[in-house]
Asks: 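Submitted below is the structure of interest, expressed as structure tokens.
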Amino acid sequence: MTGPYANHRAKPDLKVIGADIVYVKPIAVADLPEELREQAGELETIFAVHDAEGQQLALVADRDLAFVLARQYDRVPVTVH
């Protein structure tokens, strides 16, 4: 394409992109229910994986594992502070 619109790109559909994003956030083990604290063993922090609507999908031992898990399910992990 030539002319004034040659460099124009279609805007991405953020709803479609957002469907693939999961959010990874650290959780203090001390803030978890007792049953989960026991399962966490000596860990002080674990990581929660949430979908775009905020639903918790998983709790894992470390950030790297959360990212691997997300990618195995074709999701794009991002960290939430």
Side-chain angles (χ1 to χ4, degrees):
M1 178 187 276
T2 59
Y5 300 106
N7 292 322
H8 176 74
R9 295 182 185 162
K11 292 183 181 180
D13 183 350
L14 295 179
K15 290 181 184 176
V16 172
I17 292 171
D20 292 338
I21 293 176
V22 292
Y23 301 92
V24 176
K25 79 175 191 176
I27 305 285
V29 170
D31 294 339
L32 296 172
E34 184 177 344
E35 179 181 316
L36 293 176
R37 287 195 308 263
E38 291 172 5
Q39 291 179 29
E42 295 182 15
L43 296 173
E44 293 182 15
T45 303
I46 62 172
F47 290 80
V49 180
H50 294 265
D51 66 14
E53 286 79 40
Q55 179 179 346
Q56 182 178 296
L57 304 173
L59 291 173
V60 296
D62 62 55
R63 182 182 174 279
D64 290 340
L65 181 57
F67 273 62
V68 168
L69 178 68
R71 290 181 180 127
Q72 284 180 341
Y73 285 90
D74 298 322
R75 303 296 177 103
V76 179
V78 295
T79 302
V80 177
H81 298 283

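Reckoned from all heavy atoms, side chains included, excluding hydrogens, waters and symmetry mates.
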Asks: Compare every heavy atom of F47 with every heavy atom of A61, then report the nearest pair and how far apart it is.
Replies: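 So the two residues come closest at O-CD1, 4.2 Å.
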
Asks: Sort and list the pairs that fulfil side chain to side chain donor-acceptor pair (under 3.5 Å) and have at least one residue in residues 60-71, not counting sequence neighbours.
Replies: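 The answer is R63-T79.
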
Asks: Show the nearest heavy-atom pair for residues H50 and K25, with the distance to one decimal.
Replies: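 Shortest heavy-atom contact: NE2-CE, 4.0 Å.
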
Asks: Hey, mind stepping through F67 and V24 against side-chain contact (heavy atoms from CB on, under 4.5 Å) and telling me if it holds?
Replies: CA-CA 8 Å; F67 273 62; V24 176; 3.9 Å; yes

Asks: Tell me, please, which residues at least two apart from V68 pass side chain to side chain contact (heavy atoms under 4.5 Å, CB included).
Replies: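 V68 satisfies side chain to side chain contact (heavy atoms under 4.5 Å, CB included) with Q72 once adjacent residues are dropped.
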
Asks: Without placing hydrogens or testing angles, list every side-chain donor-acceptor pair under 3.5 Å for residues 27-45, not counting sequence neighbours.
Replies:
residue, atom, partner, partner atom, Å
R37, NH1, L32, O, 2.6

Asks: Under a single-linkage definition using a 4.5 Å side-chain heavy-atom cutoff for Ile, Leu, Val, Met, Phe, Trp and Tyr, are L69 and I46 assigned to the same hydrophobic cluster?
Replies: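 Different clusters.
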
Asks: Give a yes or no on whether V80 and L59 share a hydrophobic cluster (residues Ile, Leu, Val, Met, Phe, Trp, Tyr; joining criterion: side-chain heavy atoms under 4.5 Å apart).
Replies: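 Cluster IDs for V80 and L59 differ.
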
Asks: List in chain and number order the residues that pass side chain to side chain contact (heavy atoms under 4.5 Å, CB included) with D51, two or more places apart in sequence or in another chain; answer none if no residue qualifies.
Replies: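 D51 satisfies side chain to side chain contact (heavy atoms under 4.5 Å, CB included) with E53, Q55, L57 only.
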
Asks: Does a side-chain heavy-atom distance below 4.5 Å link I21 with V78?
Replies: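 A side-chain contact exists here, since the closest heavy-atom pair is under 4.5 Å.
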
